[in-house]
Amino acid sequence: MRVVIQEDYRKMCKWAADYIAARIKAHGEDRPFVLGLPTGSSPIGVYQELVRQNRAGELSFANVVTFNMDEYLGLPQEHDQSYWYFMHNNFFNHLTDMKPENINILNGMTDDPEGECARYEAKIASYGGIDLFLGGIGVDGHIAFNEPYTSLASRTGVRDLTTDTRIVNSRFFGNDPGKVPAQALSVGVGTVTDSKEVLILINGHNKARALAATVEGGVSQKWTCSTLQMHNGAIIACDEAACGELTVDTYKYFLDIEKNQRL
Ligand SMILES: N[C@@H]1[C@@H](O)[C@H](O)[C@@H](COP(=O)(O)O)O[C@@H]1O
């Protein structure tokens, strides 16, 4: 696992966007670059930088297919807290050459959740899997909506949200946890770790425990993110504020080992 420590949120986002851009540019034209994407506050700066590069003519999305991680169950696309709305508002609508037919987001209004999730997995497989999955992390270490004790082998499916996650996400729902949907559709931990590369953004003091569990703890379903220790292409991009619970040794190790690697 690589842990790339950047001074602050802005630099973390710039590093992650440059990494993604480099991967897209290095990819051949024979098949699309398949990119997994998250919502949340953490990736916003990455999306802004990718949009900037795209609008400056430096980066094309014409050969990119995207799969989003998750979607609230029961929210229509036009709801301003649906992840469909978030992705279009913060990213897709600003790109010059993203093809709408290449955007994949789980349908939170489906009347067949299990079928929807099975079709999503099959569609990912039809592209030969995901090349790079960008993700964020919950304060309890969840990736996508895979809360603590979700199987590390899980596939795309329906997830119950914990009370803690509904409280954390209530900041987008008028601070009322009761307004946060109780369930979501989410890719599984196994869906994420099947990707060739996984890049997880971890920033801010409130994610410090999650970062320490991801990097230093044992692999455990208690912290679903810790499964990345078993992945051969996992990168954590973090800021200084998130490093507060790492041991000094770990912190120094990653600064040392990364000092000559730009991307
Ligand atoms: N399902 C999403 C996750 O994919 C995201 O990583 C997490 C953290 O969000 P934020 O980046 O806003 O802290 O929030 C939600 O629970």
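Note that the structure is predicted; figures quoted are calculated from it, not measured. Order of listing sets the numbers, starting from 1, for every ligand and every atom in it.
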Side-chain heavy atoms of Leu201 within contact of Ile137, under 4.5 Å: no

N-O pairing of Asp194 and Arg155 below 4.0 Å: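 Here Asp194 pairs with Arg155 in a salt bridge, since their nearest N and O are under 4.0 Å apart.
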
All ring-ring contact (aromatic ring centres under 6.0 Å, His included) counterparts of Tyr120, not counting sequence neighbours: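 If we apply the ring-ring contact (aromatic ring centres under 6.0 Å, His included) test to Tyr120, skipping adjacent residues, the hits are Phe67.
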
Between ligand 1 and the protein, which N/O pairs fall short of 3.5 Å?
from, atom 1, to, atom 2, distance (Å)
ligand 1, 1 (N), Asp70, OD2, 2.8
ligand 1, 1 (N), Ala144, O, 3.2
ligand 1, 6 (O), Ile137, N, 3.1
ligand 1, 11 (O), Ser41, N, 3.2
ligand 1, 11 (O), Ser42, N, 2.9
ligand 1, 11 (O), Ser42, OG, 2.5
ligand 1, 12 (O), Ser41, N, 2.7
ligand 1, 12 (O), Ser41, OG, 2.8
ligand 1, 12 (O), Arg171, NH2, 2.9
ligand 1, 13 (O), Lys207, NZ, 2.8
ligand 1, 16 (O), His142, NE2, 2.8

side-chain hydrogen bond (donor to acceptor under 3.5 Å, both in side chains) against Lys11, all qualifying residues, sequence neighbours excluded: Glu7

Those residues that, when tested against Ala212, pass side chain to side chain contact (heavy atoms under 4.5 Å, CB included) (two or more places apart): Glu216, Glu245, Leu246

Between CG on residue Asn90 and OH on residue Tyr47, distance to nearest 0.5 Å: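 Between Asn90 CG and Tyr47 OH, I get 8.5 Å after rounding to 0.5 Å.
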
